[in-house]
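Worksheet: one structure, shown below.
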Protein chains: 2
Amino acid sequence: MRTPSHGRPSDPPTIGGDVGAGTRAVTRGSLGPPGTSAGRRASDEVGASGKESPVQSVDRAATILDQLAEAGELGVTELARRLGVHKSTASRLVAALEKWELVEQVEGRGKYRLGIGLLRLAGTAVAGLDVVEQARPVCRRLAAETGLTVNLAVLSDNHALYLDQVAGTSALQSYNWVGQRIPLHATSNGKVLLSGLDRHTVRALVRTLTAYTPKTITDLARLEAELDHARTDGYAIAVDELEDGLAAIAAPVRNAHGEITNSLSLSGPTFRLDPARLRGLRRVLIPAATEVSRRLGWRGQA
Amino acid sequence: MRTPSHGRPSDPPTIGGDVGAGTRAVTRGSLGPPGTSAGRRASDEVGASGKESPVQSVDRAATILDQLAEAGELGVTELARRLGVHKSTASRLVAALEKWELVEQVEGRGKYRLGIGLLRLAGTAVAGLDVVEQARPVCRRLAAETGLTVNLAVLSDNHALYLDQVAGTSALQSYNWVGQRIPLHATSNGKVLLSGLDRHTVRALVRTLTAYTPKTITDLARLEAELDHARTDGYAIAVDELEDGLAAIAAPVRNAHGEITNSLSLSGPTFRLDPARLRGLRRVLIPAATEVSRRLGWRGQA
DNA sequence: TATCCGAGTTGCGTATGCCGCAACTCAACT
DNA sequence: AGTTGAGTTGCGGCATACGCAACTCGGATA
């Protein structure tokens, strides 16, 4: 161990009570090592969950990115406190990240935020994903046929993460949701993604059912009922549940092992998508989602 | 110094002949520390480009991301070769990145590619950028008024990087360009961004004028003439220059110091945007871009 | 204007965390 | 079966990243 602080232990209280400043660790943020997504123990080192990191500094750097993503902007001192390291260490880590434009200073001398280097990388990352590549032609066709907006989502952490979007002709104005993280219980995509999980996992993922509109599902039993429907029918619907005036229908995309890995959705303004039409869209949507699954190696039965 | 290797030179073959394995350093990829973007002299120092990295491992990790962005997929051994480090080192770095889903294995045991953790971060990054936030309402209005697709771009490295996009009603089908990097000389956005730079810098940025269509500008003199027009007229146009059938007009966005930091564009299918109409769009586009500049603190004269 | 305070950066010495080595595992070919 | 080639892991030494403290810088207070 180097200093009594931040010795990366596993269980005991292990506060980073070290140097002069009272350094306190913070609970896992949004990104976080995979494995434990739900119930985390309280008051743990920020980078401690899961397996040991093979390279400490990289782990700390990633933690910085994670914390910045969660908080928006943070100063060096605050970052140091959250990591449980000395100011100077945080400063050097941030400087290393800044050199690659992964973070940037907000104003001459001050706080830091995530930088556009991440955008460059993300652009390549999304292009390299099999799903996106395989789904794109299908999405384009869907958008052309229906005139609606097509979205491709994946389960990430405990949110739906939009991977790709194709805007159709009748979109009033749609901006980009790609990279955005959306609550699971209030969207058609979210319901479909949840429908691939067992009841226990679902409960772990949706701890709180936040109401975004009067029509948002806030009752766990009702949500589970909808998930059951989604499992048997092969699609899910959400109308005015995340945002008033927004309606959508989604269907699952499966990988070669038959697991629901992604979700494909059609969305548009509620006034143009009455219940009958929305439900009718399953006839084009489900085959499209199935085709994507096929391209990914799925050989099962829809 | 640790090993004599990985001297990150810029251009010549510059072998990092070091340890046992024939490790070779690689020329800078796409991301790269800011500062020197074009070809600098081949100084032999380790931290050659710009300043030394304050944290070696973080620097190496970032290099890995950069190399993966450039190559798509790479194995551990190949990464090690490019970094000029031992296999095991590369393996551990990659493992650290994988823990945060910044990279992921393509198939059980094999090559690595960029991961979706980057998407999560990028989503937050773009949301936190002042420009995007300030430009969004303006973009929405533009899209609603014109029915065309609106894009917001920034100069990054030696490409145009799309930061945000709003699709209008008449978009046939538009998919997401956000995060994509587009050549500067073949797009209206690129021309506008270049118009903010002096002739010397422009020449350094566009080394080669690749032809994407028969109408792509491949003559430096002609490009510079267009840039001059853009400087005096306050907008730039590109028709069928990047992709056949794609037309666009762009106008500059300035920061508080009056520097051209971003570019706002309207684009649509060529058959719907005859030269007269395209040019006429400047009457709505330029005021919109100016409004964004104002929001960013610009007090100058359009 | 002078003084303090809080925040970020930098030189330095140290021990710790990382790196290279080599042995290991595992597939894919021959 | 043997061979090659690629990725992972235990180990020991030493370079590296850390903590410390002194420094700079700007803003607030008196």
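Just so we're clear, the structure is a prediction, and the values are computed from it rather than from any experiment. Each chain gets a letter, A, B and so on, in the order its sequence line appears, and its residues count up from 1.
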Please determine if B:Arg81 and B:Glu78 form a salt bridge, counting it only when a charged side-chain N lies under 4.0 Å from a carboxylate O. yes
Base, sugar-phosphate alone, or nothing: which one does A:Ser57 contact when heavy atoms must sit under 4.0 Å apart? sugar-phosphate
Within the structure shown, what part of the strands sits under 4.0 Å from B:Ser88 by heavy-atom distance: base, sugar-phosphate, or nothing? base
Rounded to whole Å, how long is the line connecting atom [atom1] of [X] with atom [atom2] of [N]?
| X | N | atom1 | atom2 | result |
| --- | --- | --- | --- | --- |
| B:Leu97 | C:dC18 | CG | P | 13 Å |
| B:Glu98 | D:dG7 | CD | P | 13 Å |
| B:Arg81 | D:dG7 | CZ | C1' | 17 Å |
| B:His86 | D:dT8 | NE2 | P | 14 Å |
| B:Lys111 | C:dA28 | NZ | C1' | 14 Å |

So, is [X] near the phosphate of [N], with a side-chain N or O under 4.0 Å from OP1 or OP2?
| X | N | result |
| --- | --- | --- |
| A:Arg92 | D:dT16 | no |
| A:Gln56 | C:dC19 | no |
| B:Arg60 | C:dC19 | yes |
| B:Tyr112 | D:dT8 | yes |
| A:Ser91 | C:dG8 | no |

Sorted by position of nearest nucleotide on DNA chain D, 5' first, the leading residue of A:Lys87 and A:Leu93 is A:Leu93
Nearest heavy-atom approach of A:Leu194 to A:Val202 is O-CG2, 3.7 Å
Can you check whether B:Val131 reaches B:Val154 side chain to side chain, under 4.5 Å on heavy atoms? no
Note, B:Thr89 side chain near B:Arg60 side chain (heavy atom, < 4.5 Å): yes
With sequence neighbours excluded, what pairs up with A:Ser293 under the side-chain contact (heavy atoms from CB on, under 4.5 Å) test? A:Val253, A:Arg254, A:Trp298
The answer to which of A:Thr77 and A:Val58 contacts DNA chain C further toward the 5' end, by nearest nucleotide, is A:Thr77
